[in-house]
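Quick notes on the structure that follows.
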Amino acid sequence: MKRKNFRLKFQTLSDFQYLIFLTKIFRAFKIDNAFDLTQILVEAFNNAVIHGHEGKKEKWIDIDLNLSPKKTAIRIA
């Protein structure tokens, strides 16, 4: 399927329970390389929870996904 442009911005708490949701984002949009992008997103999220917030579940994580036919940008803050 040809990829269209889309951008998705949201916040989630720094809690591993949200990994289930994150693993379904790219499949929901029927992205060809959904597995690879999911791995990148999950790894970045894990790093934010473990290293950035030291496991403190009350902290927030900003996620910004910007996909176009030629480029994918994933920003975790």
Check whether any side-chain heavy atom of [X] lies under 4.5 Å from a side-chain heavy atom of [Y], and answer yes or no.
X: D36; Y: F26; answer: no
X: I76; Y: D62; answer: no
X: F6; Y: I31; answer: yes

At what distance, to the nearest 0.5 angstrom, does [atom1] of [X] lie from [atom2] of [Y]?
X: T72; Y: I40; atom1: OG1; atom2: CD1; result: 8.0 Å
X: S14; Y: H53; atom1: OG; atom2: NE2; result: 5.0 Å
X: F35; Y: L37; atom1: CZ; atom2: CG; result: 11.0 Å
X: N5; Y: N66; atom1: CG; atom2: CG; result: 8.0 Å
X: L22; Y: L41; atom1: CG; atom2: CG; result: 5.0 Å
X: R75; Y: K9; atom1: CZ; atom2: NZ; result: 6.5 Å

Checklist entry - Given the rule in the side chain to side chain contact (heavy atoms under 4.5 Å, CB included) test, do F16 and N46 qualify, once you have shown the distances and angles that lead to the verdict? => result CA-CA 8 Å; F16 291 118; N46 284 338; 3.2 Å; yes
Next on the checklist: Checking D64 now: which residues fulfil side-chain hydrogen bond (donor to acceptor under 3.5 Å, both in side chains) with it, not counting sequence neighbours?
Outcome noted: R7
Item to check | Matching residue for I61 among D15, L13, V49 - test: side-chain contact (heavy atoms from CB on, under 4.5 Å) | outcome: V49
Item to check | L8 reachable from W60 in the ILVMFWY side-chain graph, under 4.5 Å edges | outcome: yes
Next on the checklist: According to a hydrophobic-cluster definition based on side-chain heavy atoms being under 4.5 Å apart (Ile, Leu, Val, Met, Phe, Trp, Tyr only), do L65 and V42 belong together?
Outcome noted: yes
Item to check | Check against side chain to side chain contact (heavy atoms under 4.5 Å, CB included), F29 and L67 | outcome: CA-CA 11 Å; F29 288 102; L67 285 84; over 6 Å; no
Next on the checklist: If you apply the rule ring pair (Phe, Tyr, Trp, His ring centres under 6.0 Å), what do you find for F10 with F21, and how did you get there?
Outcome noted: CA-CA 12 Å; F10 59 95; F21 167 74; 5.7 Å; yes
